[in-house]
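Residue numbering restarts at 1 for every chain, and letters A, B, ... go by the order of the sequence lines.
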Protein chains: 2
Amino acid sequence: MAAQQTNDGDPGTGSSAERLWSTSVGNDLAFLLARANALSLARMHTVLAPFGLRTRSYSVLSIAASDARPSQRELSDFLRLDPSQIVSLIDQLEGAGLVRREPDPRDRRANVVVATDAGRALVEEARRTVIDSDRAWFAVLSEDEREQLFSALHRLATGAAAQFADA
Amino acid sequence: MAAQQTNDGDPGTGSSAERLWSTSVGNDLAFLLARANALSLARMHTVLAPFGLRTRSYSVLSIAASDARPSQRELSDFLRLDPSQIVSLIDQLEGAGLVRREPDPRDRRANVVVATDAGRALVEEARRTVIDSDRAWFAVLSEDEREQLFSALHRLATGAAAQFADA
DNA sequence: AATAAATACTTGAAAATGTCAACTATTGAG
DNA sequence: CTCAATAGTTGACATTTTCAAGTATTTATT
């Protein structure tokens with residue numbers, strides 16, 4: 001993916017693929033969404049690498065450090081990951097001493113995932129860097145535009161639109 | 001991914017993971033971007049399946065059917081895929097009689113990728129379905145909001161923001 | 001109350017996708 | 001002219017995703 005970080009495909013940079021931005025694909029909202037996401041994921045991987053985290057482990061750790069006390073199933077649904085992927089992520093974090101599994105008093109089939117002190121410290125530190133990177137990355141948008149983007153993406157991301165697609 | 005199409009993780013649906021939306025992750029623009037994209041990809045796969053296409057093959061075919069006459073390298077940059085992935089995609093489309101490689105008169109190292117008549121017919125048909133699905137999926141946003149979203153995503157997707165992250 | 005179906009977590013196999021190295025032929029820079 | 005860079009390709013290897021099946025527990029049905 002690192003090799004994909006050049007902006008050769010972007011309009012206005014004098015590169016070879018800029019002609020393709022005038023195709024229907026280049027003007028398709030879903031494509032823009034995917035491409036923006038790909039760029040964002042790439043930068044997140046770079047930002048989180050010094051902490052030994054990746055986007056997904058950072059998300060799990062961050063939620064585990066909150067007051068939410070999530071079950072694995074909740075993490076799976078929220079992050080849209082297969083339960084077995086959650087197992088693997090938690091195994092890694094647990095192995096690194098960053099989270100622990102506790103029996104869920106609400107349901108004996110379930111665990112809740114809780115950050116250790118070390119996990120909390122690490123995610124606190126990582127979060128600062130993430131926030132800085134977010135600020136820089138979205139800085140091309142005005143404050144107003146960022147709020148509008150948040151509002152729109154929140155609706156799309158929560159599946160408010162999915163009721164149509166699933167019908 | 002089909003098993004992930006339920007809205008269990010979404011707020012307001014009475015599901016188990018809605019508490020997680022009040023965590024910092026649930027309010028992170030980058031996370032919303034990723035989640036919206038995941039939902040969009042899932043629906044695109046469903047929409048394109050009847051045509052024997054997936055998001056990426058649809059994109060390649062669509063561009064090949066345009067007047068752009070893209071080289072493989074241009075496709076690779078634009079779609080942010082490794083050149084070997086482009087080879088594989090084109091092999092499949094070529095095998096299905098949907099595109100062909102032609103020597104690029106501008107550069108003897110290169111090919112241009114061009115849709116066949118069958119490819120054009122298919123992508124025309126698929127495009128209609130995609131447009132309908134896009135309309136339905138983004139319908140939760142007003143016309144104004146969609147334009148704003150387009151503008152914001154275009155800037156983010158073209159890497160206008162990447163200059164900061166790469167520095 | 002008993003039985004059946006559904007669910008949480010787990011393991012592991014198989015399938016799919018991504019990354020990278022190395023090659024030939026061609027182009028561009030010095 | 002020489003050499004470095006590039007386009008496309010092949011294929012090996014690494015990583016991720018998907019899916020099946022198992023145990024234990026909870027929920028729904030009879």
Side-chain angles (χ1 to χ4, degrees), chain A residues 1-6 8-9 14-17 34 37-38 41-42 45 49 54-57 59-60 64 69-95 99-114, chain B residues 1-6 8-9 14-17 34 37-38 41-42 45-46 49 53-57 59-60 64 69-95 99-114:
Chain A
M1 187 64 104
Q4 301 287 341
Q5 289 208 359
T6 61
D8 289 348
S15 63
S16 64
N37 181 53
L41 282 183
H45 283 207
R54 304 275 301 273
T55 302
R56 284 175 177 171
S57 45
S59 296
V60 169
R69 295 179 58 86
S71 69
Q72 282 168 238
R73 184 69 213 200
E74 285 174 321
L75 285 169
S76 167
D77 290 338
F78 183 64
L79 300 175
R80 292 182 52 88
L81 296 175
D82 189 83
S84 61
Q85 291 174 282
I86 296 291
V87 169
S88 179
L89 274 172
I90 293 171
D91 281 350
Q92 286 163 39
L93 289 170
E94 199 174 31
V99 303
R100 60 177 184 268
R101 290 167 164 89
E102 290 179 4
D104 186 342
R106 301 168 297 184
D107 184 342
R108 281 195 296 184
R109 295 172 299 184
N111 302 316
V112 296
V113 183
V114 180
Chain B
M1 184 67 105
Q4 302 286 344
Q5 291 210 356
T6 60
D8 287 348
S15 63
S16 65
N37 180 53
L41 282 183
H45 283 203
T46 300
L53 298 170
R54 303 277 301 273
T55 302
R56 284 174 178 174
S57 45
S59 296
V60 169
R69 294 178 59 83
S71 70
Q72 282 168 242
R73 183 69 214 198
E74 284 173 320
L75 285 169
S76 168
D77 291 338
F78 183 65
L79 300 176
R80 292 182 51 90
L81 296 175
D82 189 83
S84 60
Q85 289 174 286
I86 295 292
V87 169
S88 177
L89 273 172
I90 294 171
D91 282 349
Q92 286 163 40
L93 289 170
E94 200 173 31
V99 303
R100 60 177 184 269
R101 289 168 164 89
E102 291 180 3
D104 186 343
R106 300 168 297 182
D107 182 344
R108 281 195 296 186
R109 294 171 299 183
N111 303 318
V112 296
V113 183
V114 179

Can you list everything that forms a side chain to side chain donor-acceptor pair (under 3.5 Å) with [X]? Sequence neighbours excluded, please.
X	answer
R101(B)	D91(B), E94(B)
E102(A)	R69(A), R100(A)
N37(A)	none
R108(A)	none

From [atom1] of [X] over to [atom2] of [N], roughly how many Å is that when rounded to an integer?
X	N	atom1	atom2	result
L75(B)	dA7(D)	CG	P	13 Å
D82(B)	dA7(D)	CG	P	13 Å
I86(A)	dT7(C)	CD1	C1'	16 Å
R56(A)	dT16(D)	CZ	C1'	8 Å
L81(B)	dG18(C)	CG	C1'	10 Å
D77(B)	dG8(D)	CG	C1'	13 Å
R73(B)	dA25(C)	CZ	C1'	16 Å
Q85(A)	dT17(D)	CD	P	5 Å

### Query
Do you know which two heavy atoms are closest between V60(B) and L89(B), and how far apart they sit?
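So the minimum-distance heavy-atom pair works out to CG2-CD1, 3.9 Å.
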### Query
Can you tell me how far the CG atom of L41(B) sits from the CZ atom of R80(A), to the nearest 0.5 Å?
9.5 Å
### Message
Assess the residue pair N111(B) and I90(B) against the criterion (side-chain contact (heavy atoms from CB on, under 4.5 Å)); give the C-alpha distance rounded to whole Å, side-chain angles, the decisive distance to 0.1 Å, and a yes or no.
### Response
CA-CA 11 Å; N111(B) 303 318; I90(B) 294 171; over 6 Å; no
### Contacts of type side-chain contact (heavy atoms from CB on, under 4.5 Å), residue R54(A), not counting sequence neighbours
H45(A), S57(A)
### Message
Quick check on the helix from dA1(C)-dT30(D) to dG30(C)-dC1(D): what's the angle between its two end axes, five base pairs per end, to the nearest 10°?
### Response
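Axis-to-axis angle, ends of the helix: 40°.
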### Query
So what does S88(B) hit on the nucleic acid, given a heavy-atom distance under 4.0 Å: a base, only sugar-phosphate, or nothing?
nothing
Is there a donor-acceptor contact under 3.5 Å from the side chain of [X] to the main chain of [Y]?
X	Y	result
S71(A)	V112(A)	no
S88(B)	S84(B)	no
S59(B)	T55(B)	yes

### Query
Hey, does the side-chain of S84(B) have a donor or acceptor N/O within less than 3.5 Å of a partner on the base of dC20(C)?
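By the distance-only test, yes, there is a pair.
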Restricting to nitrogen or oxygen on both sides, can you table the protein-nucleotides 12-14 of chain D pairs closer than 3.5 Å?
none

### Task
Identify, residue by residue, the members of residues 100-109 of chain B with a heavy atom below 4.0 Å from DNA chain C, and return them in order of residue number, or none.
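Result for residues 100-109 of chain B: D107(B), R108(B), R109(B), sorted by number.
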### Message
Quick check on dA7(D): is either OP1 or OP2 less than 4.0 Å from any side-chain nitrogen or oxygen of Q72(B)?
### Response
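Result: no.
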